[in-house]
2 protein chains.
Amino acid sequence: METLPGKTVERLSQYRRSLLSCLENGRDYIFSHDLANLHHITAVQVRRDLMLLGYSSVYRKGYPVRKLIEEIGKTLDSSEGQNAAVVGMGNLGTALAHYLSGIRPNLNVVASFDINPAKVGTLINGVPCHHVTALQKVIKEQNISIGIMTVPQDSAIEVADELGKTGIKGILNFTNISLNVPEGIYLEEYDMITSLEKVAYFVKKLGE
Amino acid sequence: METLPGKTVERLSQYRRSLLSCLENGRDYIFSHDLANLHHITAVQVRRDLMLLGYSSVYRKGYPVRKLIEEIGKTLDSSEGQNAAVVGMGNLGTALAHYLSGIRPNLNVVASFDINPAKVGTLINGVPCHHVTALQKVIKEQNISIGIMTVPQDSAIEVADELGKTGIKGILNFTNISLNVPEGIYLEEYDMITSLEKVAYFVKKLGE
DNA sequence: AATCAGGTGTGAATTTATTAACAAATATAG
DNA sequence: CTATATTTGTTAATAAATTCACACCTGATT
Ligand SMILES: NC(=O)c1ccc[n+]([C@@H]2O[C@H](COP(=O)([O-])OP(=O)(O)OC[C@H]3O[C@@H](n4cnc5c(N)ncnc54)[C@H](O)[C@@H]3O)[C@@H](O)[C@H]2O)c1
Ligand SMILES: NC(=O)c1ccc[n+]([C@@H]2O[C@H](COP(=O)([O-])OP(=O)(O)OC[C@H]3O[C@@H](n4cnc5c(N)ncnc54)[C@H](O)[C@@H]3O)[C@@H](O)[C@H]2O)c1
């Protein structure tokens with residue numbers, strides 16, 4: 001299938017999250033406008049996104065939740081499964097390793113890395129922690145394709161370079177500096193300060 | 001001034017982050033294309049964003065870093081200062097409280113809330129932790145306009161409702177469920193699973 | 001002091017994202 | 001069975017975001 005726009009991918013991920021919680025609540029069908037309301041968007045937007053999946057619902061009853069989750073999975077998930085590793089098991093890294101573990105059946109956090117001898121060699125929230133010097137080795141051996149960066153900003157560039165050399169395919173960077181990675185690696189960056197400042201800005205504007 | 005588009009606000013926040021680190025490195029001037037490279041965007045995008053600030057550089061030497069930081073601050077920051085509170089001092093909340101504290105002179109995390117008696121009444125990473133039952137009181141007293149939500153998802157809706165009643169003006173939601181807030185409150189949501197799944201999707205696509 | 005090289009600011013064009021509008025489909029009620 | 005009320009899928013229209021193209025500015029060079 002064609003590569004979907006990033007925005008659509010984000011929304012599909014969010015739809016799935018909501019759909020999963022619908023299932024838990026025993027809801028079997030959902031209308032596009034209900035899904036839309038859950039995400040503060042329009043029903044047309046939802047339908048358009050689903051259209052890109054090539055999926056059609058049975059009319060009039062809404063979308064069958066279980067089927068739709070499956071359908072989103074076919075598009076978003078890799079059939080062989082994908083492995084991720086967290087680099088930098090500090091406050092954020094530890095929280096993330098815990099949070100992301102087992103969140104999806106075929107997307108797993110299977111390893112982590114740090115330089116702190118107190119952490120290396122231990123299991124943290126169920127994830128084994130290796131020394132960064134083993135980056136190449138572990139990533140190859142465990143077929144890890146995604147790196148999640150939560151190291152201190154001073155080490156960020158250096159660690160990103162090391163990661164780049166391992167043959168990793170994607171990096172999710174939570175470090176507050178913007179990275180440069182070789183061609184062929186997908187880079188996603190997120191800075192919480194930016195989110196906070198954005199809220200602050202619009203709060204300020206609301207009050208004017 | 002006109003309200004800027006959210007996208008521009010995000011980039012301005014990121015430019016400032018980079019500019020601050022330029023200053024630390026003793027760099028006094030920066031060209032639009034350098035700033036652009038740091039953020040994987042085009043120089044025109046940078047110039048257009050700065051144009052919206054109404055700011056012009058001295059030609060040919062690039063933008064004066066210090067002046068530009070100041071100028072971005074004039075737009076993004078509130079002159080009276082803004083206070084924020086973290087609700088839910090677990091793994092993520094604690095990490096965030098620490099990370100966000102003192103990051104900007106006039107945007108401070110001044111309080112936090114939890115229900116765990118072991119945490120209530122203590123200082124966590126320098127931030128006093130109150131019981132959620134004191135939400136109304138503390139938010140009013142300390143003039144807190146921004147709430148950062150990091151409670152378990154089961155409590156999210158309930159806590160958001162409580163927050164809504166306090167007269168808070170903005171909510172930054174890290175909970176993995178999408179919230180509904182009353183008119184007049186600015187809501188920003190971020191889900192790390194979405195970011196990870198996005199990376200996973202594009203990694204998968206790269207390999208096809 | 002005239003020319004050049006390299007940046008900047010911005011209107012116009014383009015691309016991308018969202019919304020409107022509506023035909024087609026089908027459960028339900030009568 | 002037919003009419004009605006709803007919801008979907010999709011094309012066309014609109015809006016938002018980004019990039020192009022280029023005039024203009026200024027410090028350096030000859
Ligand atoms: N704490 C947060 O809530 C938060 C939020 C957003 C972004 N961040 C960013 O995440 C990063 C980490 O933040 P934190 O609060 O977890 O910091 P932290 O100091 O708690 O954790 C950093 C960890 O990285 C390890 N480390 C240091 N150098 C390393 C290296 N070269 N290779 C591997 N591991 C190394 C340290 O031993 C430590 O365990 C920072 O860049 C910060 O900007 C943090
Ligand atoms: N841990 C992560 O890295 C991470 C990442 C992204 C999103 N999240 C989201 O953040 C939230 C918290 O995650 P966590 O890992 O920090 O969980 P956690 O269990 O470590 O922390 C939750 C905290 O909230 C407190 N709490 C519970 N009910 C409360 C209430 N009604 N009012 C105030 N406080 C209450 C608990 O006592 C606890 O301290 C979850 O919704 C999760 O989806 C977590």
Side-chain angles (χ1 to χ4, degrees), chain A residues 1-15 18-19 22 27-69 71-72 75 178 189 194 198 201-202 205, chain B residues 1-15 18-19 22 27-65 67-68 71-72 75 178 189 194 198 201-202 205:
Chain A
M1 205 205 307
E2 280 296 292
T3 298
L4 300 174
K7 287 276 187 96
T8 296
V9 173
E10 288 177 14
R11 283 191 299 260
L12 288 174
S13 161
Q14 287 158 7
Y15 298 158
S18 296
L19 290 167
C22 280
R27 181 169 190 175
D28 289 333
Y29 289 88
I30 190 168
F31 294 124
S32 57
H33 60 259
D34 290 324
L35 202 41
N37 285 340
L38 288 173
H39 296 279
H40 319 304
I41 57 174
T42 67
V44 186
Q45 181 78 81
V46 171
R47 296 204 298 271
R48 181 162 288 283
D49 287 335
L50 299 186
M51 194 180 112
L52 295 178
L53 288 185
Y55 176 65
S56 275
S57 89
V58 175
Y59 279 154
R60 171 74 199 175
K61 303 171 62 177
Y63 298 87
V65 174
R66 196 178 302 272
K67 192 77 197 335
L68 192 47
I69 290 171
E71 214 60 35
I72 292 176
T75 298
S178 196
E189 310 202 293
T194 292
K198 189 175 170 194
Y201 174 80
F202 285 105
K205 281 294 176 183
Chain B
M1 205 204 308
E2 278 299 290
T3 298
L4 300 175
K7 288 276 188 95
T8 296
V9 172
E10 288 176 15
R11 283 191 299 261
L12 288 174
S13 162
Q14 287 158 7
Y15 298 158
S18 296
L19 291 166
C22 281
R27 182 170 189 176
D28 289 333
Y29 289 88
I30 191 169
F31 294 123
S32 58
H33 60 259
D34 290 325
L35 203 42
N37 285 339
L38 289 173
H39 295 279
H40 319 302
I41 57 175
T42 66
V44 187
Q45 182 78 82
V46 171
R47 296 204 298 270
R48 192 161 283 284
D49 286 334
L50 299 186
M51 195 179 112
L52 295 177
L53 288 184
Y55 178 65
S56 277
S57 87
V58 174
Y59 279 154
R60 171 73 201 176
K61 301 171 62 176
Y63 298 88
V65 174
K67 193 77 196 335
L68 193 46
E71 214 61 34
I72 292 176
T75 298
S178 195
E189 309 201 294
T194 292
K198 190 176 170 194
Y201 174 80
F202 284 106
K205 281 293 176 183

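The chains referred to below are lettered A, B, ... by the order of the sequence lines, with proteins before strands, and numbering in each begins at 1. As the structure is a prediction and not an experimental result, all values here were calculated from the model.
dA16(D) atom P lies 13 Å from atom CD of E2(B), rounded to whole Å. In this structure, I30(B) places its CD1 atom 15 Å from C1' of dT8(C), rounding to the nearest Å. Counting to the nearest Å, the P atom of dT19(C) and the CD atom of Q45(A) are 6 Å from each other. Rounded to whole Å, the distance from CZ on R47(A) to P on dT11(D) is 14 Å. Here dA17(D) presents its P atom at 14 Å from CD1 of I41(B), a figure rounded to the nearest Å. Between the NZ atom of K61(A) and the P atom of dT7(D) there is a distance of 14 Å, rounded to whole Å. In this structure, the CG atom of D49(B) is 14 Å from the P atom of dT8(C), given to the nearest Å.
Dashed line: the shortest gap from a side-chain N or O of Y29(A) to OP1 or OP2 of dA27(C) is not under 4.0 Å. T42(A) has a side-chain polar atom (N or O) that falls below the 4.0 Å cut-off from OP1 or OP2 of dT19(C). For the OP1/OP2 pair of dT18(C) and a distance below 4.0 Å, the side-chain nitrogens and oxygens of R11(A) include at least one atom meeting the criterion.
Taking CE from M51(A) and CZ from R47(A), the interatomic distance works out to 11.0 Å, rounded to the nearest 0.5 Å. Note: D49(A) CG to E10(A) CD = 11.0 Å, rounded to the nearest 0.5 Å. Taking NZ from K67(B) and CD1 from I72(B), the interatomic distance works out to 11.5 Å, rounded to the nearest 0.5 Å.
Across all strands shown, T8(A) has no heavy atoms under 4.0 Å from either base or sugar-phosphate atoms.
In this structure, of dT8(C), dA17(D), dT10(D), it is dT10(D) that holds the atom nearest to the side chain of V44(A). Here dT11(D) is the nucleotide among dT18(D), dT11(D), dT19(C) with the atom lying nearest to any side-chain atom of M51(A).
Between H39(B) and Y15(B), the angle of the ring planes goes over 60°, which puts this pair in the perpendicular group of the 30/60° scheme.
Counting distance only, with no hydrogens placed and no angle test, the side-chain atoms of R48(B) and the base atoms of dT18(D) include no donor-acceptor pair under 3.5 Å.
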